[in-house]
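Here the structure is laid out as structure tokens; the discussion comes afterwards.
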Amino acid sequence: MTPETPTEGSAPGRDGALSRRDLLRTAAAGAGLAAVPLLGTTPAFAQARRHGVADAGKLVIGAFEDGAITAFEKIIPVFKQQTGISIQLLTAPYDSFNSKAFQDGQSKAGQYDIYIMDDPWIPQFAAAGILEDLGQHGIVGDAGFAKPFLDLGYWPPRQGPRIKGFENKKPTLVALPTIGDLQTMTYRNDVYKTAPKTWHELVTVGEAAMKAGTIQDAIVFRGVKGNPIVTSWYPIFLSYGGKFFDNNWKVTFNSAQGKAAAEFFVGKLKSLAPKGVAEYDSDQEGAAILGGKAGAIIQYTGNAIKSDDPKLSKEVGKLDFAVVPKQAKAIAQIGIFIHGVSTSAPNKDNAITFMKWFATDKAQTALASFGDVPVRIKPLKNPALIKKHRLLPTVLAQINAGAEARPRTPDWGAVESILGTELNKALVAGKGGGDALDRAATQATAYLKRQGYYS
Amino acid sequence: MAAQRTARARLQGAGFDRFLPYLLLAPAVLLVLAVVVYPLVYGVQTSTKFYRFGTAISDVGFAQYRQAWNDPLFRGALWTTLKFVTAAVAIETTLGLGLALLCVRELPFIRTLRMVLIVPMVITPVVVGIVFRLIYASDVGLFTSLSGLVGGGSIGILDNERGAFWGLVFLDVWEWTPLIFLILLAGLQSLPQEPFEAARVDGAGTWRTFVDHTLPMLTPVLVVAIVLRSIDAFTTFDQVYVLTHGGPGTATQLISIYGYDTFFRFQQYGYAAAMLLMVALIVLACAFLGIRLIRRQAATA
């Protein structure tokens, strides 16, 4: 037997050197590994991946992080006890959850059964067709819901202008209100002996208190560009009689009423607010009112309820609630939590069971007992709940006085960003609110035109 | 064995050896195609489509590139980004060079100083943004607190356009000067000692030695540091997102923030892709110029 003479590239590398065969094997293995991710794009794999796995006793709810969701979590064991269905609640920061949920719906990934959304997301999600028509599952929006809250679950909207492609479609219920949330006024009862009913009253009494040294600032608000400043300006704009769009989506926020509201906001109100208010967001405005520096604030319920918490507020007992001040009217902004079923939900039946259960007065009463604001009228009037949750009558009073949601278009975010940038510039300058609205109107019109609104 | 050898010979004869290198490279090439080329091609494809409700509804060719070029917000964001990159990188380079010249000497405290200097660079950008937001805040911030100690009022950095812009530049300088410092320190330590010894013998002063020897020999390293930092600064996002989100007004609206909002918040996928590809081309051109500069320097050295 002739001993094998290793030839180059043929024999195993006994001396540690890599042979050609070894290299070929390694290359094949490498190619195999590299090909694994590509397998995911083949129809069979994609099909398997596309849909989450259904589980008879499970329900996956996605939501954005918020204090109100922390209270909502407490209702999960109650639901499980009554139905045997366990809920997995997946939360993410606001912007991040919006992207995740929208992509989940579009790609039909089935990661979530129910999305808990901010109500301005409804046009975006519903127009993309990723929310189930609840009517097909026997869910109806009954009269027990607060009407302004319930209206937000319909697409296309039941009132107001409709975006292109949905002009003649019948409104369908695609989401139900989850947690009530709207702006109300919180004020110092040692500064304002009675709740200021008008903006004029808020300004004059507040100014006098500042001069007397009772309070550092008469009012505090959010001045940061974008959504925060527009949210703060919103009730003033509405109370002055402003409208954002006409029925054909023509921009109308730079009307005489709008400009008067903007000038008042960037001029007079700024002079009564903390220095540096142009950089204030919710954390800073919250610290100002709860820390005793500010006399009044228009804020959402989630922040208002902190007033009675001694761990968070230095002014327990000194802060009262009321409807927002009026000019022509007293209208606040609504911004509720709202939930819909994903069209690609793997546990659709469980999702529907949850929605029906959660829409009852009983479940809403339980929710309110954990600290959230219910979305149905009966719990809002429940005396036992009111004893624990003194903001509830003010919420109901604000609903009755006037509460409006943001315009029902998926493009509101972009318009709000334009408006919020220009308003913020005027706030920094302390003047030019009307000019800011004109500049914003030009930009918003150009933007909407590009999106096909006027063709 | 003989049969194996024959088969191998046949394969070699068929030109197998010619294809072997390509075969071996195939996995890496496939990977690069999947993670680099495909996203790029997909990005270009996306930029030619008009999206509505998250779905491409029409092909618009390169119209969105023209639209971006005519968009005052895009041009404004680009200009702000260029100003930010220029200011931040210029200050960082000057400080980084100064610190590197200091730390290249063997002084007793230098080891500790070197370690302390690189700390900002290893902190997560979002955390840096949060910390600076607290420092700059006009209600509870550091400057307001210091002002309060001497009976002054609140000091706002982020409530005015100039303050916010320079506040952002200062944050970037604080965080990234260590990177330039480290690169230049390594460059200085690798310089040959002979020219410096000769200069010393000739009686050249510190400044003369720096201008005639240190700076020319360090230039290639300096250019690398500037190019790397500029590319990185061009894509700054996290800190601005946390600190100002582009405000007040558009004072700190860098192109990354405008692109993010356009894509994620306004769902204009095609337009955002067009904008950001244009930015990528600009950055690429800058990097190309930088590399050419280095090569020219190396050739003349």
Ignoring hydrogens and angles, tell me if any N or O in the side chain of [X] forms a donor-acceptor pair with the backbone of [Y] under 3.5 Å.
X	Y	value
A:Lys275	B:Ser154	yes
A:Lys225	B:Pro248	no
B:Asp159	A:Ala278	no

Examine whether an atom of [X] lies under 4.5 Å from a heavy atom of chain A, and if so say whether it belongs to the side chain, the backbone or both; otherwise answer neither.
X	result
B:Leu25	neither
B:Tyr38	neither
B:Phe50	side chain

When rounded to the nearest 0.5 angstrom, what is the spacing between [atom1] in [X] and [atom2] in [Y]?
X	Y	atom1	atom2	answer
B:Gln253	A:Ser417	CD	OG	7.0 Å
B:Arg265	A:Trp412	CZ	CH2	12.0 Å
B:Thr244	A:Glu279	OG1	CD	11.0 Å

Practice problem: Report, by ascending residue number, the residues of residues 161-174 of chain B in heavy-atom contact with chain A at a distance under 4.5 Å; give 'none' if the set is empty. | Solution: B:Glu161

Quiz prompt | B:Lys83 atom NZ, over 12 foreign heavy atoms within 6.0 Å | solution =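 Correct, the count exceeds 12.
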
Quiz prompt | Over 12 non-hydrogen atoms of neighbours within 6.0 angstrom of OH in A:Tyr454 | solution = yes

Quiz item: Hey, are the side chains of B:Gln267 and A:Asn98 touching, using non-hydrogen atoms and a 4.5 Å cut-off?
Solution: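 Side chain of B:Gln267 against side chain of A:Asn98, heavy atoms only: contact under 4.5 Å found.
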
Practice problem: Return the minimal non-hydrogen interatomic distance between A:Phe102 and B:Phe53, and the atom names on each side. | Solution: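 Looking at all heavy atoms of both residues, the closest pair is CZ-O, 3.7 Å.
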
Quiz item: Which pairs count as salt bridge (charged side-chain N to carboxylate O under 4.0 Å, His left out) when at least one residue sits in residues 30-52 of chain B, sequence neighbours excluded?
Solution: A:Asp411-B:Arg52, B:Lys49-B:Asp59

Please classify the contact between [X] and chain B as side chain, backbone, both or neither, with a heavy-atom cut-off of under 4.5 Å.
X	result
A:Phe125	neither
A:Ile163	side chain
A:Gln106	side chain
A:Glu422	neither

Exercise. Could you check which of B:Ala251, B:Pro72, B:Gly246 has the highest count of heavy-atom pairs closer than 4.5 Å to chain A?
Key: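 With the most close heavy-atom pairs to chain A, the winner is B:Gly246.
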
Quiz item: In terms of heavy-atom pairs under 4.5 Å, which option from B:Gly54, B:Ala28, B:Ala26 contacts chain A the most?
Solution: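 The candidate making the most pairs under 4.5 Å is B:Gly54.
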
Self-check item: Derivation and outcome, side chain to side chain contact (heavy atoms under 4.5 Å, CB included), residues A:Gln451 and B:Phe266
Solution: CA-CA 11 Å; A:Gln451 303 308 312; B:Phe266 313 151; over 6 Å; no

Exercise. Verify side chain to side chain contact (heavy atoms under 4.5 Å, CB included) between A:Tyr280 and B:Ser138, making sure each step is shown before the conclusion.
Key: CA-CA 9 Å; A:Tyr280 270 44; B:Ser138 62; 3.6 Å; yes

Quiz item: With chain B, which of A:Asn424, A:Ile418, A:Val428, A:Val224 has the greatest number of heavy-atom pairs at distances under 4.5 Å?
Solution: A:Asn424

Practice problem: Give a yes-or-no answer on whether the side chains of A:Asp95 and B:Tyr241 include a donor-acceptor pair shorter than 3.5 Å. | Solution: yes

Quiz item: Would you call B:Arg133-A:Asp283 a salt bridge at under 4.0 Å N-O?
Solution: yes

